[in-house]
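Step one of this worksheet: look at the structure below.
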Amino acid sequence: MKNLPEDSTIIRDGQLSTQCCVILSGFAYRSKVSKGGKRQILSFHIASDMPDLHGLPLKRMDHDLATLSKAQLGHDALERTLSTRPALARALWRESLVDAALFRRWIVNLGTRSASGRMAYLIAELRQRGRTTNGASIGKPRTIAAGFKSGLSAKNR
């Protein structure tokens, strides 16, 4: 188990992935930096998510993974376990497919909503996901918005 402070890098774009993590508490996010130097957040992750599961078969990360808040991570030598437990391998494959479906929803969300609409969607999604993970709470919307440092200005709304 590993405790990380806010704004800690879990793994960087281009690094080799040697293990997989589970978020036990706190928040994390995936991001990619464009050639122009702008950071694009790709997804947010809450307790019980395995945000770097795809790194096991791909070996090299193609994005950054970092904490958004203080977080507690559990690491596992998953690759060895999966070779002897096919049912677990299928369950984790399903998890990666659900993650891909959420990612597709995010793409549509980013392309079709205003900045305030994206924030509302994000808060609603995280609250719903929190309810489905053993009743984990993500806090009040105002706290979430402050924690995500949304910085919505009048021109972005």
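Just so you know, these numbers use all the heavy atoms, side chains as well, and skip hydrogens, waters and symmetry mates.
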Asp13 versus Met61, closest heavy-atom pair with distance
OD1-O, 3.3 Å
Heavy-atom pair with the smallest gap, counting every atom of Cys21 and Asp52:
N-OD1, 3.0 Å
Sequence neighbours excluded, which residues qualify as side chain to side chain donor-acceptor pair (under 3.5 Å) partners of [X]?
X: Arg90; value: none
X: Lys70; value: none
X: Gln72; value: Asn3
X: Ser69; value: none

Do [X] and [Y] have side chains that get closer than 4.5 Å, going by heavy atoms?
X: Ile10; Y: Thr67; result: yes
X: Leu122; Y: Met119; result: yes
X: Tyr29; Y: His45; result: no
X: Leu68; Y: Glu6; result: no
X: Val98; Y: Arg94; result: yes
X: Arg30; Y: Asp64; result: no
X: Pro51; Y: Ile23; result: yes
X: Val22; Y: Ser48; result: no

Please confirm whether the backbone N or O of [Y] pairs with a side-chain atom of [X], one donor and one acceptor, at under 3.5 Å?
X: Ser31; Y: Arg39; answer: no
X: Lys32; Y: Asp62; answer: yes
X: Ser8; Y: Leu4; answer: no

Run Ser17 and Ile11 through side-chain contact (heavy atoms from CB on, under 4.5 Å) and show every step you take.
CA-CA 8 Å; Ser17 179; Ile11 190 165; 4.2 Å; yes
About how many Å separate CG of Leu73 and CE of Met50, when rounded to the nearest 0.5 Å?
11.5 Å
Using a side-chain heavy atom cutoff under 4.5 Å and only I, L, V, M, F, W and Y, what cluster partners does Trp93 have?
Leu97
Which ILVMFWY residues are connected to Leu42, directly or by a chain of links, through side-chain heavy atoms under 4.5 Å apart?
Phe103, Ile107
Over 12 non-hydrogen atoms of neighbours within 6.0 angstrom of CZ in Arg12:
no
Quick one: do Ile41 and Phe27 end up in the same hydrophobic cluster if we chain Ile, Leu, Val, Met, Phe, Trp and Tyr together by side-chain heavy atoms under 4.5 Å apart?
yes
